Number of protein chains: 2
Amino acid sequence: MKQIALYGKGGIGKSTTSANLSAALADTGCDVMQIGCDPKHDSTRMLMHGKWIPTVLDLVREKGDKIGVEEVVFEGYGGVRCVEAGGPEPGIGCAGRGIIATFQLLQKLDALYGDVILYDVLGDVVCGGFAMPMREGYAQEIYLVTSGEFMSLYAANNICKAIARLSKRSKARCALGGVICNAKNIPGEEELVREFAELVGSRLIAYVPRAQIVQIAEVNQQTVIEFAPDSAQAMVYRQLAETIQTNTETSIPTPLEMHDLETLARKHIPV
Amino acid sequence: MKQIALYGKGGIGKSTTSANLSAALADTGCDVMQIGCDPKHDSTRMLMHGKWIPTVLDLVREKGDKIGVEEVVFEGYGGVRCVEAGGPEPGIGCAGRGIIATFQLLQKLDALYGDVILYDVLGDVVCGGFAMPMREGYAQEIYLVTSGEFMSLYAANNICKAIARLSKRSKARCALGGVICNAKNIPGEEELVREFAELVGSRLIAYVPRAQIVQIAEVNQQTVIEFAPDSAQAMVYRQLAETIQTNTETSIPTPLEMHDLETLARKHIPV
Ligand SMILES: Nc1ncnc2c1ncn2[C@@H]1O[C@H](COP(=O)(O)OP(=O)(O)O)[C@@H](O)[C@H]1O
Ligand SMILES: Nc1ncnc2c1ncn2[C@@H]1O[C@H](COP(=O)(O)OP(=O)(O)O)[C@@H](O)[C@H]1O
Ligand code: SF4
Ligand SMILES: [Mg+2]
Ligand SMILES: [Mg+2]
């Protein structure tokens, strides 16, 4: 069983990439589970044809722990099993407690199985809360989703700091599997993200173009894999699925210092 | 003493707006303190001519609580007193514990005073941690910084949820003072943000254009107020300072449901 997590800044394309990755893996016959760990709880929407599935946290708040597996695990495109953790109560909760409560419930229900489990995790703040999937040994191969924009590289670098620190703990078994550039079509972006990946001791495993077909598939409430299975964009996601499925190369990243990150960004992208 | 907080999504322009606001307030003779509560700890950089001041959290980790006020409070442009809380240790800490530790230390050092205290807080995740300035009664007038982009309105709406919930607690005294549109020059953006502000029971108090002068001032490591005091952009920040200084109108917001937010965004911005 491969346990992977996609981490990255909010809005960078984690859910779009995750859903298409899960769909592409399912097309090759894999048994896939996708668990959304972003308070926005829209990770699996395109796999579920636009449906907002109930979040585990909302259910736990309502019903305590008398919850059946059919209330939290839903089957989407290609048989992908979909779960949404949900988010903290604005102002009072902790995202981390919510994520861990979700995993423990799924374990109790014997629902954490498959060829691939994919965690889609918000990476804006890499506190103890959002690092839970790594800390507790659930997420083992981490893939960073970033663009060439400074803020998203900054978030990716912070995630590297968390991986480097947590990898020394006994329970965590996390390592960096690679960097995915989900492009914003900025000149020099691919070289910038490739160099960033190499500087932190990893590699760029996919360059996903920013493409109109993604928005069109989204309006049709489907993944690109389902909506336009033979499109160039679908091939990019299938290639990514193949790369991740066969990837055995991981590393413990060496994060950059802030001034090195600033110098790198300035080198590739003129102000 | 006015205790205000700017909340918004990462990268939306909170620190740029805060620093220019503080500088504009200082120019009118106000005694201002600005406290950065974003793990990125660059809130006061332009007030400090590009200097990265030490964060309270780093100092506390190093020296425990034997810290003098001159080690955490630095004087920047116009006499603005600058502090950076810093962020959680990636992967293990909690942003909230750090923010509250900062406030308690400043209180112990008798350093929390002035005509205006301005908190610059990350609003991507409105968990108990980042809501601390509101929960503990420090931040009383909240100003949302947003653009017309869906992700930033989504974050702004979440902050409204936190304000609405926390305002019922005895210790918190928070209310929404208004919405600031820090433009991304998207067609229809001003009307969209104005309508959002009114739907949540507040109002648009400033439309800050996206302007090249901001980047130029930044490369010169100054606020726009200092670098180009007579520019149109500086006048926008001065106008904002005047509006906030004299503002007595606050409200408890009524956040939007997710589908209402999506409908609103689609209405003003063609896909
Ligand atoms: N490769 C792409 N090309 C075009 N649009 C994209 C691409 N990836 C993501 N998007 C768009 O960006 C938006 C944010 O993506 P999403 O996956 O929800 O981000 P995240 O999960 O990181 O918050 C979506 O509306 C999606 O349509
Ligand atoms: N009105 C504006 N016009 C042009 N650029 C802006 C404006 N406001 C912010 N920026 C740019 O956006 C970037 C992010 O702003 P920042 O204030 O650091 O965001 P935040 O504090 O919300 O993370 C900065 O590099 C800044 O130059
Ligand atoms: S650990 Fe993270 S998610 Fe939890 S309260 Fe602290 S900052 Fe928020
Ligand atoms: Mg997402
Ligand atoms: Mg900032």
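Fair warning: this is a prediction, and the values are worked out from it, not measured in the lab.
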Side chain, backbone, both or neither: which part of [X] has a heavy atom under 4.5 Å from chain B?
X        : value
A:Leu166 : side chain
A:Pro90  : both
A:Met132 : neither
A:Met134 : neither
A:Ile216 : neither

Practice prompt. Take B:Lys267 and B:Leu192, measure what side-chain contact (heavy atoms from CB on, under 4.5 Å) needs, and give me the verdict at the end.
Written response: CA-CA 8 Å; B:Lys267 180 177 148 191; B:Leu192 167 57; over 6 Å; no

Fill in: Positions in residues 123-131 of chain B that reach chain A, provided some heavy atom is under 4.5 Å away
B:Asp124, B:Val125, B:Val126, B:Cys127, B:Gly128, B:Phe130, B:Ala131

Discussion item. Looking at B:Glu149 and B:Arg210, is any side-chain nitrogen of the basic one under 4.0 Å from a carboxylate oxygen of the acidic one?
Written reply: no

Fill in: Electrostatic pair A:Lys40-A:Asp42, nearest N-O below 4.0 angstrom
yes

Worksheet item: Which answer fits B:Leu122, side chain, backbone, both or neither, if we ask what part of it has an atom under 4.5 Å from a heavy atom of chain A?
Response: side chain

Discussion item. Using the rule given for salt bridge (Lys or Arg N to Asp or Glu O under 4.0 Å), can you reason through A:Arg61 versus A:Glu89, listing the C-alpha separation, both sets of side-chain angles and the distance that settles it, and then say yes or no?
Written reply: CA-CA 10 Å; A:Arg61 279 194 279 265; A:Glu89 296 257 40; 3.6 Å; yes

Item to complete: Report the C-alpha distance between A:Glu226 and A:Met46 in whole Å, list the side-chain angles of each, state the deciding distance to 0.1 Å, and finish with yes or no for side-chain contact (heavy atoms from CB on, under 4.5 Å).
Response: CA-CA 9 Å; A:Glu226 181 176 7; A:Met46 295 307 127; over 6 Å; no

Practice prompt. Answer yes or no: is there a donor N or O on one side and an acceptor on the other, between the side chain of B:Glu84 and the main chain of B:Ser43, under 3.5 Å?
Written response: yes

Worksheet, complete the sentence: Residues B:Leu199 and B:Thr254: closest non-hydrogen pair is O-OG1, 3.6 Å

Practice prompt. Report the distance from atom CD of B:Gln3 to atom CG of B:Leu118, rounding to the nearest 0.5 Å.
Written response: 11.0 Å

Worksheet item: Which residues satisfy the ring pair (Phe, Tyr, Trp, His ring centres under 6.0 Å) test with B:Phe103, sequence neighbours excluded?
Response: B:Tyr119, B:Tyr138

